[in-house]
Every structure is written in C-alpha cells, then in structure tokens.
J.: 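The structure follows.
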Amino acid sequence: MIFTTRFAPSPTGPLHLGHAYSALLAHDMAQASGGRFLLRIEDIDTARSRPHWEQQIYEDLVWLGLDWPQPVMCQSQRLPRYRAALDQLTAMGLTYPCRCNRRDIEAAAGAPQEGVPQFGPDGRIYPGTCRNRAMADAGAEDVIRLNMESAVRAARLRPFSETGETYNGQHPLDPRRLITTVGDIILVRRGMGSAYHLSVVVDDADQHITHVVRGADLFEATQIHVLLQALLGLPTPVYHHHPLIRDDQGKRLAKRDDARAIAKYRREGVTPLDIRAMIGLPASSG
Ligand code: GLU
C-alpha cells in the first residue's frame with residue numbers, strides 16, 4: 001500500500017508555524033517513503049470558513065514548497081457521505097439528538113467532584129441529559145451525539161499504531177477512558193450536517209490515508225477516530241503525533257495568533273528555508 005498522508009486545515013484563519021510544521025513534516029514523510037501528500041480543506045463549519053482564508057492556505061503552502069494532487073477534497077462538498085456514515089451508526093442504535101445548550105450542560109453537570117473529569121477533548125463532558133431521546137424525534141435545533149457507552153460495547157476495539165516521539169508504540173483503546181474522559185461526542189453540529197470527528201474518519205478512509213500526521217494535542221481525538229473506524233468498518237491508518245510548536249512563552253500557537261502567521265513571515269522577507277530552520281526541520285526532504 002502506498003504511503004499516503006494529508007494536511008487538513010480549516011479555512012477559519014491564517015496558517016501559523018504549527019500548521020507549517022504539520023504540513024511540512026507530513027510532506028517530508030511522504031517524500032521519504034516515495035508516497036503521496038494530499039490536501040483537504042475542512043470547511044464544514046460554514047459560519048467560520050472563508051474563501052479568502054482558503055486562498056491564503058493554498059498560497060502559503062505553495063510558498064513553503066509543497067504540492068499536492070488536484071482536485072482538493074473539500075468537506076463542504078461531501079455532506080451526503082457523512083450522512084451515510086451517520087445513518088450507519090444510527091442503524092446500530094448508537095446515536096441520539098440533543099438540544100442542550102452550553103448553559104443546560106453546565107447546569108446538569110453540577111458541582112465538580114473529586115476525581116471526576118469535567119472536560120474532554122471537545123470541552124465539557126456531556127452529562128447525558130438527552131441520552132434517551134429517539135432519532136425519530138431529531139429536529140433542526142438538535143445536534144446528534146454518539147452514545148459512548150453503547151459505542152464501546154458495540155465496537156471491536158483494537159490497538160492502533162503510533163510512530164511519534166511522544167507516544168511511539170501500540171496503543172490500546174481504553175473503553176473506560178472513552179466513557180469517562182471523552183463521553184458522548186457530537187457527530188453532527190447544529191445546522192452543519194456533520195462535525196469534525198465523523199467527517200475526518202470518513203475522509204481519511206475515502207482518501208486511502210495510510211498515515212495521519214498531526215499535533216500531539218489531537219491524541220485524545222485520535223482515540224475517538226479509531227473507535228469510529230471500528231464502528232464504521234473503516235481501516236485505521238498509522239498515526240504520528242508531533243510535538244506542538246510553542247511561542248517564546250511556551251504557549252501553544254492558535255490560529256488567532258497572527259504574529260506567527262506564515263503570511264506575515266512571507267511579507268517580512270523570511271524564506272521557506274528560514275521557516276524550516278525555525279521549526280527544526282531539515283532544509284531538504286531529500
Ligand atoms: N482541521 C483539523 C485542524 O485543523 C484537522 C486536524 C486533523 O484531523 O489531523 O486541526
């Protein structure tokens with residue numbers, strides 16, 4: 001199987017050094033293995049995605065020296081695929097509609113308890129208020145959630161391979177951890193037709209991704225993805241989580257951190273080689 005990886009930014013802001021690191025590392029790994037590097041635009045969040053950010057992503061990546069096959073996959077064009085995956089999970093009895101807003105969730109979660117985690121990879125762990133609602137009752141006001149407890153019972157959980165320095169090895173999925181520290185994740189956001197976790201597993205499978213290269217901040221999310229792959233009968237790629245690029249104060253870079261935007265470095269006359277040096281990547285991928 002040919003090594004195939006991807007870079008999957010969301011066009012909701014400028015790419016910064018952390019993105020450059022993910023993209024260049026994925027590209028270098030693909031080149032070193034004689035494989036393929038794909039680009040995917042994760043634009044299901046139409047309220048926050050903007051065509052000018054998408055355009056800037058292309059410009060930044062070309063400037064960094066990357067290329068990728070056309071056409072580029074865009075998530076906003078793929079809602080029927082996500083719908084089909086959701087229907088599969090629904091047919092297994094694993095989904096439910098939820099109308100709770102942030103305030104409802106906070107109120108239902110109650111006071112923090114010693115040793116009980118409150119936050120997971122997607123924010124506050126859902127307390128399960130709507131868990132008994134039927135999908136037949138789902139309306140435009142609802143998000144769709146995965147019943148995590150039923151999901152881990154239904155899935156044949158297998159360890160996944162990870163090659164990053166931080167985790168390197170075979171990682172079993174821990175059902176208890178998924179239930180208590182991740183909980184009932186959102187599969188479809190209100191008015192969006194899908195959500196990150198569902199789209200990403202469907203797309204990685206459809207693009208025949210063999211290796212996912214992403215930041216260590218997504219390690220928890222990866223466990224959700226491996227679970228969804230098991231439920232949907234999709235292959236699990238090898239994962240490589242790289243350390244995060246931090247600013248001078250040791251803080252993780254965010255998209256709104258315009259000071260580290262690639263476009264800003266470009267304007268200031270920094271070269272792509274300088275960028276590689278700044279993030280500790282060799283000058284040439286060979
Ligand atoms: N759109 C996600 C991001 O920009 C993709 C990350 C991934 O799935 O590897 O963080």
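Atoms within each ligand, like the ligands themselves, are counted from 1 in listed order. Here the structure is a predicted model, which means the values were calculated and not measured. As a basis for the values below, the full set of heavy atoms in this structure was taken, side chains included, without hydrogen atoms, waters or symmetry mates.
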J.: Give the atoms of ligand 1, by number and element, whose distance to some non-hydrogen atom of V200 is under 4.0 Å.
T.: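 Ligand 1 atoms under the 4.0 Å threshold to V200: 8 (O).
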
J.: Can you tell me how far apart CE (M148) and CG (L178) are? Round to the nearest 0.5 Å.
T.: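 Taking CE in M148 and CG in L178, the distance rounds to 5.0 Å.
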
J.: Determine, considering heavy atoms only, which of T5, L218, I209 sits nearest to atom 10 (O) of ligand 1.
T.: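 Considering heavy atoms of T5, L218, I209, the nearest to atom 10 (O) of ligand 1 sits in L218.
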
J.: So is H19 in contact with ligand 1, going by heavy-atom distances below 4.0 Å?
T.: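 Heavy atoms of H19 never come under 4.0 Å of ligand 1.
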
J.: Which of these, R40, R6, E42, has its nearest heavy atom closest to atom 1 (N) of ligand 1?
T.: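 Result: the heavy atom closest to atom 1 (N) of ligand 1 is in E42.
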
J.: Quick check: does any side chain N or O of R214 sit under 3.5 Å from a backbone N or O of H241, one acting as donor and the other as acceptor?
T.: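 No, R214 side chain to H241 backbone: no donor-acceptor pair under 3.5 Å.
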
J.: In Å and rounded to the nearest 0.5 Å, what is the CZ to CZ distance from F37 to F3?
T.: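 Those atoms lie 11.0 Å apart.
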
J.: Can you find a pair of side-chain heavy atoms, one from F7 and one from L61, that are under 4.5 Å apart?
T.: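 Answer yes - side chains close enough.
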
J.: Where does Q75 meet ligand 1, judged by heavy-atom distances below 4.0 Å: at the side chain, the backbone, both, or neither?
T.: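 No part of Q75 comes within reach of ligand 1.
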
J.: Give yes or no for whether the N/O distance cutoff of 3.5 Å, strictly under, is met between A8 and ligand 1.
T.: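 Between A8 and ligand 1, an N or O pair is found under 3.5 Å apart.
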
J.: V116: which other cluster members, linking ILVMFWY side chains closer than 4.5 Å, directly or transitively?
T.: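 None; V116 is a cluster of one.
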
J.: Only heavy atoms of S10, strictly under 4.0 Å: list the atoms of ligand 1 that pass.
T.: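 Once the distances to S10 are compared, the set is 1 (N), 4 (O).
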
J.: Without hydrogens or angle criteria, can the side chains of D142 and Y96 be said to hold a donor-acceptor pair below 3.5 Å?
T.: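 No, no side-chain donor-acceptor contact under 3.5 Å.
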
